[in-house]
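Heads up: the structure comes next, in structure tokens.
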Amino acid sequence: MPRRNLNLIFIVLIFLTLVLFIFSKLQVLNFAGNFVQNIFAPFESAARNIFIGNSSDLQKENIELAKKLVDQQKLIQDNKALRDQFQTSGINTQNLTAASIIGSPSFIPGVSNPENLILDKGVKNGVRKGQAVIYKDNLIGIIKKSNDNYSIVATLGLPSFSLTAKTQNDASGIIRGQDGGQIILENVLLSERISKNDLVVTLGNINEGGFGVLPNLIIGKIVSVNKNASSLFQTAKIEPLIDISTLSTVFIVIN
Amino acid sequence: MIFVILLTLFAVVLESSVISLPLALSILVTFSFIYKKEWLLALSLIIGVVLDALALRTIGASSLFFLVAIFVIFLYEKKIEASIQVVFLSNFVLVFLYTFLIKGNFSVAASFLASSFGIILFIIFNKLKTVSVKEHKLRFEI
């Protein structure tokens, strides 16, 4: 092809791209983004269903049992604390919005776990940054960003993710995501007793705007404990009870 | 041309919903070695816009990268012969840079996989192109 033509086409297209980039930075192109997302959403959803599929019955049963276990633990805590209102939690279904997972970029099936999820609900549906995303009392992640129709969820395995948590024996620590979607419980005092198969739940982290994570949402169970006598703290590796990659619907706690 | 557009759009859907490999970039790079047509630049812009919109990124970021990448390939098309090694290396370097600059992470494995995908495309479409050119020449002689 003639070099002159090529240069001219390149300059025109680069100029056009820069204009788009600047307009997008100024949030002027939100409608165009929404338009493209609306067109491609059914295809994304179909592709996800074809390549990933839905969760099995056994996993569902496992989740139900874990939920019962946490409920029971919660009941014991309620009795212990003489029905202290602050230690009880429960999510009113009116405060939940169902959202379909339409994308999970940076996810390679069989190699890594999803670190971000794209949901088909956005600001128009009351979704805001910082809201918790759950599935049957299991914490899936937190809304990282949302526009009119869509939102991105930072899952527990995202390396930048951190959240306060506690075990069923009330040993508190910080949950952090690691490379490859692993979840670690850190900053647990050596004096605290944590052991394999202990359930880890959220400690509760609601901000002044009313958004955040409710207490007693299941994060996962401890699969290994790293305890060193010379360290100040002990750490534990956590495995979520839910395989996020198999989910197709999650719930956003909008209030 | 229509087939290339459909293939790239399919890659965009996969990339935004199921896998993290930058397949769209790999397809564009490979086809720019095979076809060397200006419309690939326009396609890069459109695909970049769609990809950014679906990944909720700033629209234009991917397009900018795609355009520069394809333009550089076109600039050096006469100096470098399009061989499997060249296509693999270009794919590898560009995918690595793309994941680092646009997605904010880098993975050698992802670059390797995307480059291998590019190589497979290159072999298939190069063969098809050769067959098509031969048929055309035969018809001309008759």
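Computation of the quantities below employed the complete heavy-atom set of this structure, encompassing side-chain atoms and omitting hydrogens, waters and symmetry-equivalent molecules. Residue numbering restarts at 1 for every chain, and letters A, B, ... go by the order of the sequence lines.
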Can you tell which part of [X] gets under 4.5 Å to a heavy atom of chain A, answering side chain, backbone, both or neither?
X	value
B:Leu54	both
B:Ala55	backbone
B:Val49	side chain

Within the structure provided, determine whether [X] and [Y] are in side-chain contact (heavy-atom separation under 4.5 Å).
X	Y	result
A:Pro240	A:Ile183	yes
A:Ile174	A:Leu185	no
A:Gln182	A:Lys237	yes

Contact listing (chain A partner; residues 39-46 of chain B; heavy atom under 4.5 Å):
B:Leu41, B:Ala42, B:Leu45
Taking heavy atoms only and a threshold strictly under 4.5 Å, list by residue number the residues of residues 93-101 of chain B that touch chain A; give 'none' if the list is empty.
none
Tell me if the centroids of the rings in B:Phe125 and B:Phe31 come within less than 6.0 Å of each other.
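Yes, they do, as the ring centres are separated by less than 6.0 Å.
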Strictly under 6.0 Å, is that where the ring centroids of B:Tyr76 and B:Phe33 end up?
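No - the distance between ring centres of B:Tyr76 and B:Phe33 does not fall below the 6.0 Å cut-off.
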Please check if the side chain of [X] supplies one atom and the backbone of [Y] the other of a donor-acceptor pair under 3.5 Å.
X	Y	answer
B:Ser115	B:Phe92	yes
A:Asp120	A:Ser100	yes
B:Asp52	B:Gly60	yes

Would you mind telling me which of B:Val50, B:Leu64, B:Leu56 has the largest number of heavy-atom pairs within less than 4.5 Å of chain A?
B:Leu56
Toward chain B, the part of A:Ile152 with a non-hydrogen atom under 4.5 Å
both
A:Glu44 and B:Ser16: side-chain donor and acceptor closer than 3.5 Å?
yes
Does any donor atom in the side chain of B:Asn91 or B:Ser26 lie under 3.5 Å from an acceptor atom in the other side chain?
yes
Please walk me through it: do B:Thr58 and A:Phe21 pass side chain to side chain contact (heavy atoms under 4.5 Å, CB included)?
CA-CA 7 Å; B:Thr58 308; A:Phe21 188 80; 3.8 Å; yes
If you measure from CD on A:Gln178 to CD1 on A:Ile238, what distance do you get to the nearest 0.5 Å?
10.5 Å
